[in-house]
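Every chain is numbered from 1 and lettered A, B, ... according to where its sequence line falls, protein lines coming before strand lines. The figures here come from the full heavy-atom set of this structure, side chains too, leaving out hydrogens, waters and symmetry mates. Everything numeric here is computed off the predicted structure, so don't read it as measured data.
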2 protein chains.
Amino acid sequence: MTSSPEAAPAGSAGLFDDVAFDVFARRCASRSALENITGRWGVLVLAALHDDTYRFNALRRRVDGVSEKMLAQTLHTLERDGFVVRTVQRQIPPRVEYSLTPLGRDTSAKLLELIGFLEHRMDEVVAARDGYDSARD
Amino acid sequence: MTSSPEAAPAGSAGLFDDVAFDVFARRCASRSALENITGRWGVLVLAALHDDTYRFNALRRRVDGVSEKMLAQTLHTLERDGFVVRTVQRQIPPRVEYSLTPLGRDTSAKLLELIGFLEHRMDEVVAARDGYDSARD
DNA sequence: CGGGATCCTAGACGATACTG
DNA sequence: CAGTATCGTCTAGGATCCCG
């Protein structure tokens with residue numbers, strides 16, 4: 001195996017010492033990949049695509065608040081990283097569908113777990129916020 | 001229990017219909033909470049704190065690339081949301097330790113799963129990037 | 001319908017300096 | 001050591017227009 005310039009520096013393995021990538025290292029490729037899937041819109045797009053394939057505007061409606069520009073940009077990034085597949089059906093009007101790769105599906109499963117967990121324990125978060133805020137009016 | 005203005009609009013439950021929070025809703029409190037834990041520095045801080053308690057500057061060294069300002073800001077946000085605890089020991093020089101609440105620990109466990117999964121499959125991501133980039137030089 | 005191109009602003013972010 | 005304060009930069013992100 002040749003050396004990968006994007007991997008973590010040799011000898012600085014992070015959480016898992018059996019892999020060459022370390023998100024804690026600033027320049028490691030896994031850091032940017034993590035940012036892409038946990039980014040503001042990345043998480044939501046991946047989570048949405050876990051259940052269904054979506055067309056652009058349907059996805060835009062599903063991910064409440066995303067602009068056209070950011071949705072397009074997010075989809076490009078996720079496609080480049082191998083999480084999302086873009087399928088074009090030439091016809092009038094054009095029909096473009098977005099779905100997940102196997103990698104994307106496994107990733108979104110993890111994200112869905114996180115989201116489900118968070119939604120189930122949001123009452124604790126809300127309580128913490130209330131306490132924190134009222135403690136310093 | 002009184003009605004919560006931050007919860008998802010009634011009738012618009014998202015992924016999990018047994019909770020009142022929906023990250024897909026723009027104004028739901030769970031959306032901002034999700035952003036706080038999956039944000040650029042939030043993930044890494046929570047992941048770092050899963051194993052150890054850290055002092056400010058040690059954490060700064062651990063999370064490669066974070067600035068003082070962003071670390072302080074991230075810690076404040078996570079403390080407010082009830083994920084992180086700040087413990088001050090008055091002495092000279094001052095000693096301040098950051099650790100996780102039970103909620104924070106459960107959350108970081110999920111994040112660690114995601115990170116581990118990603119690092120283990122980064123070769124697929126790297127390959128996808130190579131293919132994508134060479135396809136349109 | 002699916003987006004690319006442009007323009008613009010708010011806020012994210014980093015570097016530095018300073019305080020207890 | 002553990003921050004806060006200030007300032008400047010930069011880019012994420014929104015609004016708009018337009019084309020196939």
Quiz item: Once you round it to whole Å, what is the distance between C1' of C/dG11 and CG of B/Asn36?
Solution: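 Between C1' of C/dG11 and CG of B/Asn36: 15 Å.
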Quiz item: Once you round it to whole Å, what is the distance between P of C/dG3 and CD1 of A/Ile92?
Solution: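 Rounded to whole Å, this separation is 15 Å.
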Quiz item: Is there a side-chain contact between B/Val45 and B/Leu78, using heavy atoms and a 4.5 Å cut-off?
Solution: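 Yes, close enough: below the 4.5 Å cut-off.
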Quiz item: Quick one: does A/Val88's side chain get under 4.5 Å of A/Arg86's, heavy atoms only?
Solution: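 A/Val88 vs A/Arg86: side chains touch.
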Quiz item: Along nucleotides 1-16 of chain D, 5' to 3', which nucleotides get a B, which get an S, and which get a -, given that the test is a protein heavy-atom distance under 4.0 Å?
Solution: BSBB--B-----BBB-
Practice problem: Answer yes when B/Arg31 and A/Asp64 have at least one side-chain N-carboxylate O distance shorter than 4.0 Å, and no when they do not. | Solution: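 Not counted as a salt bridge, because no side-chain N and carboxylate O are separated by less than 4.0 Å.
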Quiz item: Between A/Asp133 and B/Arg80, is there a salt bridge with N-O shorter than 4.0 Å?
Solution: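 Salt bridge flag = yes for A/Asp133 with B/Arg80.
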Exercise. Take A/Phe83 and B/Val125 through the side chain to side chain contact (heavy atoms under 4.5 Å, CB included) test and state the conclusion after the steps.
Key: CA-CA 8 Å; A/Phe83 296 105; B/Val125 174; 4.0 Å; yes
